[in-house]
A.B. asks: 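Dropping a structure here in structure tokens format, bear with me for questions.
Heavy-atom basis, side chains included; hydrogens, waters and symmetry copies ignored. What you are looking at is a predicted structure, and each value in this text was computed from that prediction instead of being measured.
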Amino acid sequence: MFSWSTALLAFFIGIVGAIFGGTQTFICTGFAGIFIYLLKAAGVESPFLMDTLLNTVFLPAIIFNAASVSTAYASRKYDIDGWDVNHSLLFTHDPAVMLVSGLGGVVGYLVFVFAQMINLPADAGSFSVILVGVLTRAFLGHGHWVNPNATAYYRKEGPRYWVFQAINALGICGLTAIALSYVTPEYYTVGFNISAALILLSGFDTQHRTYPTTHHETLVVGYAMLATGGNVAIAICFGILANLIYLLFARYCNENCDTHIDPPAVAIEICSLILFTLF
């Protein structure tokens with residue numbers, strides 16, 4: 001539910017999002033979630049850690065949205081790509097950038113609360129990230145909604161690329177689904193946090209810069225396990241579908257576009273909507 005105190009906190013959190021950058025804060029989300037799950041497994045319940053730290057301070061709907069909005073705004077004034085949320089914006093020394101980021105956090109929070117109020121049958125956080133991303137491109141972009149080089153890229157890669165991606169997704173989703181089959185439903189989303197934390201390893205991949213993004217797969221697998229009562233086969237299929245959606249959206253509607261519309265969020269939203277509607 002909405003509260004003015006949380007809205008004010010979202011503004012402050014939004015500023016932090018610009019200071020550290022979208023990807024960096026998302027990695028922190030992963031580690032925070034892992035820490036809380038470990039405490040829960042040890043029998044320690046902490047409403048403060050769950051409600052305030054994980055579901056407010058490091059909630060992507062607030063802090064990641066803020067970084068996305070401020071990056072788009074900064075790209076209009078500085079030599080950075082509006083869709084690349086991997087960087088801190090401290091280099092701008094621009095108060096306006098930080099204020100815009102704070103407002104982005106508030107808007108993300110409001111959209112998240114709205115999705116919860118209407119009982120949206122899909123992931124509320126992803127809904128907020130997508131809607132804020134679309135609004136950001138509409139108001140801060142330059143009309144470049146689609147990457148014109150995407151089709152040529154896929155033609156160059158050929159069918160071998162899709163077989164390669166399908167095998168990779170099968171490995172990630174199969175491992176996640178089988179691992180989750182040994183735990184209770186309250187741990188079904190832990191794969192999302194592990195995937196988010198593992199993005200930290202991309203900092204070591206300085207040569208090829210091809211470190212995988214997998215949190216859309218692991219979260220959708222967790223949602224599918226929850227929705228189907230632990231059906232591993234269905235969970236794997238939905239995880240692979242999530243990766244397909246991610247790949248297409250990332251190449252066509254995010255890379256080399258004006259602003260960031262998060263591809264993993266799109267995959268999570270579509271798949272969770274299907275799952276929560278059918279099951």
A.B. asks: If you look at every heavy atom in Ser126 and Ala265, which pair is closest and at what distance?
C.D. replies: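 Where Ser126 meets Ala265 most closely, the heavy atoms are CB-O, 3.5 Å.
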A.B. asks: With sequence neighbours left out, what residues match Tyr223 under ring-ring contact (aromatic ring centres under 6.0 Å, His included)?
C.D. replies: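 Checked Tyr223 against ring-ring contact (aromatic ring centres under 6.0 Å, His included); matches are Phe276.
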A.B. asks: How far does CD1 of Ile245 sit from CD of Glu217, to the nearest 0.5 angstrom?
C.D. replies: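 Here the rounded value is 11.5 Å.
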A.B. asks: Has Ser70 got a side-chain atom pairing as donor or acceptor with Ala18's backbone, closer than 3.5 angstrom?
C.D. replies: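 Judged by distance alone, no pair lies under 3.5 Å.
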A.B. asks: For the residue pair Phe192 and His216, is the inter-centroid distance of their aromatic rings smaller than 6.0 Å?
C.D. replies: no
A.B. asks: Going by atom type alone, with no hydrogens or angles, which donor-acceptor pairs under 3.5 Å involve a side-chain atom of residues 104-116 and a protein atom two or more places apart or on another chain?
C.D. replies:
| from | atom 1 | to | atom 2 | distance (Å) |
| --- | --- | --- | --- | --- |
| Tyr109 | OH | Ser3 | N | 3.0 |

A.B. asks: Testing the basics here: between Phe249 and Pro263, what is the closest heavy-atom pair and its distance to 0.1 Å?
C.D. replies: CD2-CA, 3.8 Å
A.B. asks: Going by side chain to side chain contact (heavy atoms under 4.5 Å, CB included), name the residues that satisfy it together with Asp51, two or more places apart in sequence or in a different chain.
C.D. replies: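 Partners of Asp51 by the side chain to side chain contact (heavy atoms under 4.5 Å, CB included) criterion, ordered by chain and then number, come out as Pro47, Asn55.
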A.B. asks: Under a plain distance cut-off of 3.5 Å, with no hydrogens placed, do His144 and Asp258 share a side-chain donor-acceptor pair?
C.D. replies: yes
A.B. asks: Go through the steps for Thr218 and Ser195 under the test side chain to side chain donor-acceptor pair (under 3.5 Å), then give the verdict.
C.D. replies: CA-CA 7 Å; Thr218 52; Ser195 290; 3.0 Å; yes
A.B. asks: Please list, chain by chain and in numerical order, all residues satisfying ring-ring contact (aromatic ring centres under 6.0 Å, His included) with His260, sequence neighbours excluded.
C.D. replies: Phe64
A.B. asks: Which heavy atom in Ser101 sits nearest to a heavy atom in Ala67, and how many Å separate them?
C.D. replies: OG-N, 4.1 Å
A.B. asks: Parallel, tilted or perpendicular: which describes the rings of Tyr161 and Tyr153, with under 30° parallel and over 60° perpendicular?
C.D. replies: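 Taking Tyr153 first and then Tyr161, their aromatic rings stand perpendicular (interplane angle over 60°).
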A.B. asks: In terms of relative ring orientation, are Trp4 and Phe2 parallel, tilted or perpendicular, with 30° and 60° separating the classes?
C.D. replies: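 The arrangement is perpendicular - the two ring planes meet at more than 60°.
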A.B. asks: Of the non-hydrogen atoms in Leu140 and Ala72, which two are nearest, and what is the gap between them?
C.D. replies: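 In this case the closest contact between Leu140 and Ala72 is CD1-CB, 4.0 Å.
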A.B. asks: Who passes ring-ring contact (aromatic ring centres under 6.0 Å, His included) against Tyr37, sequence neighbours left out?
C.D. replies: Tyr187
A.B. asks: Starting from Ile167, walk the hydrophobic network (Ile, Leu, Val, Met, Phe, Trp, Tyr; side-chain heavy atoms closer than 4.5 Å) and list everyone else you reach, by chain and number.
C.D. replies: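 When side chains under 4.5 Å apart are linked, the cluster holding Ile167 also contains Val163.
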A.B. asks: Which pair of non-hydrogen atoms, one from Thr71 and one from Gly82, has the smallest distance, and what is that distance?
C.D. replies: CG2-O, 3.7 Å
A.B. asks: Testing the basics here: between Ala96 and Tyr73, what is the closest heavy-atom pair and its distance to 0.1 Å?
C.D. replies: CB-OH, 3.5 Å
A.B. asks: How far does CG of Asp84 sit from CG of Asn254, to the nearest 0.5 angstrom?
C.D. replies: 9.5 Å
A.B. asks: Under 6.0 Å from the CZ atom of Phe91, do we count more than 12 heavy atoms belonging to anything else shown?
C.D. replies: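 Check passes, neighbour count above 12.
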